[in-house]
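Atoms within a ligand are numbered from 1 in the order they appear, just like the ligands themselves. Numbering of residues begins at 1 and proceeds along the displayed sequence.
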Amino acid sequence: MDHWFPESISTYGADVDGIFHLIYWIVGFWFVLTLGVLLYCVVRFRRRAGVPASHIRGERWRELAWIVVPAAIVLLLDLGIDAAGARVWDHVKTDLPPGDVHLAVTGKQFEWLITYPGPDAKLGTADDFTLNSQLHVPAGKDVRITLRAEDVLHSFFLPHVRLKQDAIPGRTIDMWFNATRPGTWELACAELCGFGHHTMRGTFVVHAPEEWEQWIRSRAPSA
Ligand SMILES: [Cu+2]
């Protein structure tokens, strides 16, 4: 079933996919089961010539059990999904590591402004530089991104990393990921943000660690 998804290249990608599959199989099982029972009853108890309908008076406790027992099972399964989901949510969205590399990203109509710290690895200094919709990171490092929006809602989306975060005007939101596989992937805006929304598709390059320093130095403004 993994062919539904783009390749996963982040440390937590498999955890996020695991939650999807957990929900998929639980909901899928109940869907098939309930529709199966329904179809069975439709066929088994259909009207037939010469067979009179039987009169059933009903039994309160048995009927209650039909409702209460499946409801309890579904509730327990839901609590299981919540517990598993909360574990992954905390790891991805709540317990942010400080980050080996820190970038600032601003979404605006219609591009991502991505500010890099330059060779000194510090944001807010003279060697910072900004690129349009080109996200570069080193492989195997915790990347921390401070996200803002300049005008309307956008959504910063790295499908291969399994990271999606809304960018909200007036708010500063931190997020993180660790991309393990070098290559060129996709950066997208996942919130319909206006007429040029589709042009917010950018490139996302994961550099091998030894290439990274060199890349940062080659792009930094010469002092
Ligand atoms: Cu957008």
Side-chain angles (χ1 to χ4, degrees), residues 2-17 19-20 23 85 88-118 122-125 128-139 141-207 212 215-216 219-221:
D2 281 332
H3 59 267
W4 285 7
F5 291 149
E7 192 179 344
S8 162
I9 61 153
S10 78
T11 50
Y12 54 61
D15 295 338
V16 175
D17 291 357
I19 297 299
F20 177 90
I23 296 171
V88 177
W89 179 270
D90 287 348
H91 178 54
V92 175
K93 295 277 191 178
T94 312
D95 306 325
L96 307 192
D100 305 310
V101 175
H102 194 176
L103 311 178
V105 175
T106 299
K108 61 172 232 175
Q109 289 172 320
F110 293 100
E111 61 196 356
W112 298 105
L113 300 178
I114 301 170
T115 301
Y116 295 85
K122 282 196 191 74
L123 281 175
T125 52
D128 291 5
F129 61 96
T130 299
L131 300 180
N132 290 354
S133 303
Q134 288 180 55
L135 177 64
H136 291 252
V137 302
K141 299 274 184 196
D142 289 347
V143 176
R144 186 157 177 145
I145 294 180
T146 300
L147 183 66
R148 294 182 183 85
E150 199 172 288
D151 36 36
V152 299
L153 284 177
H154 300 277
S155 179
F156 181 89
F157 184 29
L158 297 174
H160 300 85
V161 167
R162 308 294 193 263
L163 175 63
K164 190 187 275 174
Q165 174 62 57
D166 276 8
I168 301 164
R171 281 186 62 184
T172 299
I173 300 171
D174 272 37
M175 55 189 172
W176 81 282
F177 62 89
N178 186 322
T180 52
R181 202 163 308 166
T184 300
W185 316 94
E186 184 184 6
L187 161 65
C189 179
E191 183 84 54
L192 187 55
C193 57
F195 200 64
H197 164 65
H198 66 284
T199 64
M200 291 186 75
R201 192 175 192 192
T203 48
F204 168 37
V205 179
V206 179
H207 292 271
W212 169 250
W215 181 83
I216 274 276
R219 288 308 185 98

For [range], which residue pairs pass the salt bridge (Lys or Arg N to Asp or Glu O under 4.0 Å) check, not counting sequence neighbours?
| range | result |
| --- | --- |
| residues 104-117 | Lys108-Glu111 |
| residues 189-203 | Glu186-Arg201 |
| residues 91-107 | none |

> With a cut-off of 2.8 Å, how many protein N, O or S atoms neighbour the Cu ion (ligand 1)?
Replying inline: 4
> Within a radius of less than 6.0 Å around CH2 of Trp215, do more than 12 heavy atoms belonging to other residues, nucleotides or ligands occur?
Replying inline: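 Above 12, so yes.
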>> Looking at every non-hydrogen atom in both residues, tell me the closest pair between Trp176 and His91 and how far apart they are.
In response: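 In this case the closest contact between Trp176 and His91 is NE1-O, 3.1 Å.
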> Mind checking whether Phe20 and Phe5 have ring centres under 6.0 Å apart?
Replying inline: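 That pair passes the under 6.0 Å test.
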